[in-house]
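Reading through the structure tokens given below for one structure.
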Amino acid sequence: MGKTFQPTDIVGATFWLITIAMIATAAFLFLERRRVEDRWKTPVSAAGVVALISAINYFYLKDVWAATGAASTVYRFVDWQLTVPLQSVSFYLVLTAVVSVPAALFWRLLVASVVMIGSAYLGAAGYMSPTLGILIGVAGGLYILGEVYLGEASGLNSGSGNEAAQSAFNGMRLIVTIGWAIYPLGYFMEYLGGGVDEASLNVIYNLADFLNKIVFSLIIYRAAVRDST
Amino acid sequence: MGKTFQPTDIVGATFWLITIAMIATAAFLFLERRRVEDRWKTPVSAAGVVALISAINYFYLKDVWAATGAASTVYRFVDWQLTVPLQSVSFYLVLTAVVSVPAALFWRLLVASVVMIGSAYLGAAGYMSPTLGILIGVAGGLYILGEVYLGEASGLNSGSGNEAAQSAFNGMRLIVTIGWAIYPLGYFMEYLGGGVDEASLNVIYNLADFLNKIVFSLIIYRAAVRDST
Amino acid sequence: MGKTFQPTDIVGATFWLITIAMIATAAFLFLERRRVEDRWKTPVSAAGVVALISAINYFYLKDVWAATGAASTVYRFVDWQLTVPLQSVSFYLVLTAVVSVPAALFWRLLVASVVMIGSAYLGAAGYMSPTLGILIGVAGGLYILGEVYLGEASGLNSGSGNEAAQSAFNGMRLIVTIGWAIYPLGYFMEYLGGGVDEASLNVIYNLADFLNKIVFSLIIYRAAVRDST
Amino acid sequence: MGKTFQPTDIVGATFWLITIAMIATAAFLFLERRRVEDRWKTPVSAAGVVALISAINYFYLKDVWAATGAASTVYRFVDWQLTVPLQSVSFYLVLTAVVSVPAALFWRLLVASVVMIGSAYLGAAGYMSPTLGILIGVAGGLYILGEVYLGEASGLNSGSGNEAAQSAFNGMRLIVTIGWAIYPLGYFMEYLGGGVDEASLNVIYNLADFLNKIVFSLIIYRAAVRDST
Amino acid sequence: MGKTFQPTDIVGATFWLITIAMIATAAFLFLERRRVEDRWKTPVSAAGVVALISAINYFYLKDVWAATGAASTVYRFVDWQLTVPLQSVSFYLVLTAVVSVPAALFWRLLVASVVMIGSAYLGAAGYMSPTLGILIGVAGGLYILGEVYLGEASGLNSGSGNEAAQSAFNGMRLIVTIGWAIYPLGYFMEYLGGGVDEASLNVIYNLADFLNKIVFSLIIYRAAVRDST
């Protein structure tokens, strides 16, 4: 199971905690996916795959931390570059389970989220001015928020008349609004501010991922079960 | 399969025993989940995920033990922080399989168990006075006991009229009463008393986990099968 | 895949052979479980889990052997402590698939087998006189034999009128009579006799496990398939 | 999880990204395969197995890169030798899901693709003149393009009258035309041109595999879902 | 993923190729098994388990090769001792899917193939004269050929009237006739002749296993699918 932590390494403990929690979430969703109705299976699959991707990346990250006592944010972008688009697209997938949704919404959410993470990565890795990277990233995030609060996605949600899906949509929207805001704040502190304590930053990111991945996934699962019975 | 034990290391043998037993329990529950009725699938999934989480953590813990001849209780909190809330919530899940249960019960059980383990961890890791940590932890545990013996959960159980579920509820309650009491006793000895023999403590914790995780899980499974045929 | 063997290490080859055979058996039973009737699924799950437990323990044992050229019998007890009770209980599970069986039989088989292996382990590990350990162990084994040849289990089997289950019961009984006798003989030689050649002992135990685990499991599978079509 | 990368190693990051993306794709397709109609299951299985093969090979390749800072194209041929024929044959599998297809088409696609990759490998590994290797390889590729644009496969596609399958066929054809062209260009630069920057080459190959494996697979999945509901 | 090969190590590349191909074959058959009719599930399970066994053994063998530049044929016997009997018995399993077959055929095929591989191993490992080992081995092989060309198995096949099963039976028979002949030839060269180039021998064995395991398995799968739709 890779390298071991010191008993006093509380940051390492949060790495190990979230690694196991991600594996458990993936296993739970893959099992329970079988009992939801067919139209809900794809959103639940996507939620499980998000947890699986994070589980694998955290398994790697915890080894980096245990070996070096550091885990540069750059490593986290591999996870984010895959999971954030998948989660953005989950708004489309949840809507698709209950109403007819134009494919263009899928593409808008996908492109906005890929651009958001990609530009932030280029800034963090030094391929672009960090300020420009975060600005484009924030713009992408605001576009997604606009889509789910004011745009076509929001309208489709209001009109679906499906209480379980609406409750999930609203919960996911709340997480995206509050939970995802942690990442640009951390980015700001790390790359634009006057430096940051790596231990604190990693604990914050770990807890943010717990909220943004695991709670987000369970909200989708909850709607799938409510609407299947 | 990680590091190897000395033939004379009986503590190491109990680590290896419980690691394999947890994997076997998870595999058994994941397989057998398919044959229980739909309303029983989620409690059985949760029981299997509890075993999976412990399996992964014990796989790690046995390596720590084999490498160092010690396994600080701090390492065990990663497991407990995830599995104890999952098991507390299992009272809710079992009731849900047979009667209509208000969601508030879920949240009360979840919050009480998260607080219980979290405060104990903060005490054990030195972020809080160990005495205060254990006091809050015990209070959380007493709340859960009150809920399942005297509170709404107890009432729902009595009124469900489903013998299989009631028998499981009573068995789980008994394990929580007796088996979970081992942890605060160990904590008391380790952090508040005059020191403790690490080998004995780990054997006791290993056997406690065998009872509290594996027997607990099989009780849920048994009710699911009885009520499905 | 762990450590490597010398080409001339025939004992190591039997370790590797039985490791792969156990994995293959577990995979085969987990796949084929889906096509047997519901009442046969639990016995087949239990047979697959027995193979899985042995697979994991042998994966570890073969590394111990490859690294040290020795594999004390003490290591094998982790496997036996889990699989022998599971196999004893399989008599109950097979009967349950075809007739109504009192739960007391389950508990008698479980307790007898746990005592049998536990006392033998305490003797082998030096926590008890080896002579006493083996005596209690043999008593436990004789009790199980009495149960399946003369006791309630035997009567239920005769009266079930299900040819497939009876054929399995008789085959399992034969393996328990002959195959399990290898372990006390090995124990006698190793702990009570004048010493023993470790290489020969391990080859004998490996072959005994092949018979007692894999053939035993396939007998249950065969009955499940015969009685499902 | 193998060796670790430097935070500044952006090539390593693309290796890790595509490794996880391949695992995620395989998991997603294996899960979702269950909800498509029976005649679409084999194309989706094949797409998932392509992702699985790449996942395993990239897991290996990323370790080679992390350990040596180089990853000779020769290592990639193991992946291509298996996945390119599987993907060529996928044109046949997709057609088979909607019309009756002669087996000869299967064999023509299989042989052309095996020859294409095999000759390129022999050139790259120095067993044949690189020029000859690439020439035969390009000939094989052109044959496949001819088959899917002008040949029997193309005709079967036009005549199937199944919009979902046609849309997939056209998308797969486009990827084969554009995306697969990256490989002979890289080959040309590496083995025939005046040398090439290994880092850039690996990034290009990684991104090409992302397009050619993951997008290709998701196109097949999309058609399977559209045609199943 | 174990040890790494040199880019110039073409023998190592064939080890890695066949390892991944075996994993892919096992995964494909385990997935696709679900869509064939019940009576075809066991032959497909057996074919998948053959691929799984080889995958595990090749994962080990490739590490031996990467570490030492040699891989004595002795290591291959662990695979053959399990897969060759499983494949011999597959003639029985395929026949059972379409006609009523006496159990004695199962046992004759099993015993002949176990003797064939066992005696060859004893010869190769030096426990018996290599000449005697190969003679008994060849006799076992000839018995199996007699059974499938002239004996009861052949007669059952001719009389089954099931075209898919007959086509599979004939294809499997052809592979056994031609492909399996490679092993005694290699054995002859290695143990009886004047020595042999280890690299060439391993490439030949790797390619032989590709034909004899993967193509053999896919032939069974093809018949199962043809006869299920």
Side-chain angles (χ1 to χ4, degrees), chain B residues 1-37 44 48 51-52 55-56 58-59 62-63 66 164 167 171 199 203 206-207 210-211 214-215 217-219 221-226 228-229, chain C residues 1-3 19 26 29-31 33-34 36-68 70-83 85-86 96 103 106 117-118 121-122 124-127:
Chain B
M1 307 302 272
K3 301 195 169 53
T4 56
F5 303 106
Q6 296 300 314
T8 54
D9 179 0
I10 195 175
V11 185
T14 66
F15 271 109
W16 187 222
L17 178 78
I18 195 169
T19 303
I20 299 182
M22 289 291 180
I23 299 172
T25 304
F28 182 78
L29 292 173
F30 290 166
L31 283 172
E32 290 283 298
R33 174 190 176 280
R34 296 179 203 156
R35 60 168 285 216
V36 305
E37 280 187 15
V44 174
L52 177 68
I56 298 170
Y58 267 109
F59 217 99
K62 74 159 184 63
D63 273 1
S167 158
V203 170
N206 289 357
L207 295 180
F210 195 97
L211 173 69
I214 295 177
V215 178
S217 291
L218 293 180
I219 284 173
Y221 162 69
R222 177 81 190 114
V225 170
R226 271 180 68 191
S228 295
T229 48
Chain C
M1 307 302 272
K3 302 195 169 52
T19 302
L29 292 173
F30 290 166
L31 284 172
R33 174 189 176 281
R34 296 179 203 156
V36 305
E37 281 186 16
D38 264 22
R39 63 208 165 86
W40 277 103
K41 284 193 193 301
T42 304
V44 174
S45 295
V49 167
V50 163
L52 177 68
I53 292 169
S54 283
I56 298 170
N57 203 55
Y58 267 109
F59 216 99
Y60 173 76
L61 261 190
K62 74 158 184 60
D63 273 1
V64 174
W65 179 268
T68 67
S72 162
T73 305
V74 174
Y75 290 121
R76 295 180 178 274
F77 275 98
V78 170
D79 173 334
W80 296 340
Q81 190 70 68
L82 293 169
T83 55
L86 250 175
T96 301
F106 172 90
I117 299 295
Y121 174 67
L122 293 177
Y127 286 77

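Every chain is numbered from 1, with letters handed out A, B, ... down the list of sequences.
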Open item on the list: Less than 4.5 Å to any heavy atom of chain B: does that hold for the side chain of F77(C), its backbone, both, or neither?
Closed with: neither
Task: Shortest non-hydrogen contact from K41(C) toward E32(B) - done: O-OE2, 3.5 Å
Task: chain B contact via I53(C) - side chain, backbone, both or neither, heavy atoms under 4.5 Å - done: both
- [ ] Using the test salt bridge (charged side-chain N to carboxylate O under 4.0 Å, His left out), find all partners of R39(C) that sit at least two apart in sequence or belong to another chain.
- [x] E37(C), D227(C)
TODO: Quick one: which of L86(C), L82(C), T42(C), V50(C) has the most heavy-atom pairs under 4.5 Å with chain B, could you say?
DONE: T42(C)
Side-chain donor-acceptor contacts of residues 17-31 of chain B below 3.5 Å, not counting sequence neighbours, with atom names and distances?
| residue | atom | partner | partner atom | Å |
| --- | --- | --- | --- | --- |
| T19(B) | OG1 | F15(B) | O | 2.6 |
| T25(B) | OG1 | A21(B) | O | 2.7 |

Task: Heavy atoms from other residues, nucleotides or ligands near CZ of F106(C) exceed 12 (cutoff 6.0 Å) - done: yes
